[in-house]
Peer 1: 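Could you have a look at this structure, given as structure tokens, before my questions?
Given the structure is predicted, the values throughout are model-derived calculations rather than measurements.
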Amino acid sequence: MSLILPFFVLFTLFLLCTTTLAQTPAPAPAGPTNITAVLEKAGQFTTLTRLLKATQMADQINTQLNNSNQGLTIFAPTDNAFASLKSGTLNSLSDQQKVQLVQFHVLPNLYSTSQFQTVSNPLRTQAGNSGNGEFPLNVTTSGNNQVNISTGVNTATVANTIYTDSQLAVYQVDQVLLPLDIFGVQAPAPAPVTAATDLPSKAPSKSSDTTDDTGTSGAMPLNHNVVAAISLSFALLAAIALQL
């Protein structure tokens, strides 16, 4: 009996410790926010993820999120949205234009879906100037809380919230947002202004030549007549003299 009691006490303590450990949840792995990890976990964002990496915008976004208190909002087009673009669209862009295309999907402020109802348009994106027909982005909402985004080239709709925390909001959109500065119809360049040059002096007109020639030819017969009259006078005088 003396041996059974200590064994029973030890067994009871073992069960209590096991139960306590089982009820304690394992701590979540701590780590910085990573935009590509968020998109890869959500799925159907392979093209956007590849663009983020190729343009090094993924590193820039992650640095902003983890080294500052400034929030970000990202509109994420799905793979189907990229597939609906005209064939060769992405390949036709320069490296700088690809960076601007990605930046156009990033707002330098954190917006909840309810805040889109009261924002002032156009919204500023990381692509640059939202005025002067460069990178305007306008957000409107409808009665059923649908959020629409207009770029001046096309219009997209927010389909889903992919991720949100105190610094980052990622929203799925059904179209690639096409910046006006890259995909808009460019106005024709104005004609170059040429400097005024000295014009060559105008050659005498044919009518002037004709007039001058006529005047000269008219004077010549007059001179011949005078000479003939004088010669005739001398001849008459000579004849008279001979008769005398």
Peer 1: S114: what forms a side-chain hydrogen bond (donor to acceptor under 3.5 Å, both in side chains) with it, not counting sequence neighbours?
Peer 2: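 Partners of S114 under the side-chain hydrogen bond (donor to acceptor under 3.5 Å, both in side chains) test: S112.
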
Peer 1: Report yes if the side chains of F135 and T151 come closer than 4.5 Å at any heavy-atom pair, otherwise no.
Peer 2: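 F135 does not reach T151 side chain to side chain.
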
Peer 1: Ring pair (Phe, Tyr, Trp, His ring centres under 6.0 Å): which pairs involve residues 151-172, sequence neighbours left out?
Peer 2: F116-Y171

Peer 1: Looking at L72, I61, N62, L168, which one forms a side chain to side chain contact (heavy atoms under 4.5 Å, CB included) with T33?
Peer 2: L168

Peer 1: State plainly whether one hydrophobic cluster holds both L110 and L107, where clusters connect Ile, Leu, Val, Met, Phe, Trp and Tyr through side-chain heavy atoms under 4.5 angstrom apart.
Peer 2: no

Peer 1: Does one hydrophobic cluster hold both V153 and V176, with members joined at side-chain heavy-atom distances below 4.5 Å?
Peer 2: yes

Peer 1: So, taking the atom named CD in Q146 and the one named OG1 in T140, what distance separates them when rounded to the nearest 0.5 Å?
Peer 2: 8.5 Å

Peer 1: Is a side-chain donor-acceptor pair under 3.5 Å present for Q117 with N145?
Peer 2: yes

Peer 1: For N109 versus T73, what's the shortest heavy-atom pair and its separation?
Peer 2: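 Taking every non-hydrogen atom into account, O-OG1, 2.7 Å.
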
Peer 1: Nearest 0.5 Å, please: how far is NZ in K98 from CG in L90?
Peer 2: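 Result: 7.0 Å between the selected atoms.
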
Peer 1: Should K53 and E40 count as an ion pair when the cut-off is N to O under 4.0 Å?
Peer 2: yes

Peer 1: Treat each ILVMFWY residue as a node, draw an edge where side-chain heavy atoms are under 4.5 Å apart, and state whether Y111 and V158 are in one component.
Peer 2: yes

Peer 1: What are the two closest non-hydrogen atoms of Q97 and I182, and how far apart are they?
Peer 2: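 It is O-CD1, 3.7 Å.
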
Peer 1: List in chain and number order the residues that pass side-chain hydrogen bond (donor to acceptor under 3.5 Å, both in side chains) with N34, two or more places apart in sequence or in another chain; answer none if no residue qualifies.
Peer 2: T36

Peer 1: Indicate if L101 and L180 have the same hydrophobic cluster label, given that clusters are the connected sets of ILVMFWY residues with side-chain heavy-atom separations under 4.5 angstrom.
Peer 2: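 Yes; tracing contacts between hydrophobic side chains, which count when under 4.5 Å, links both residues.
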
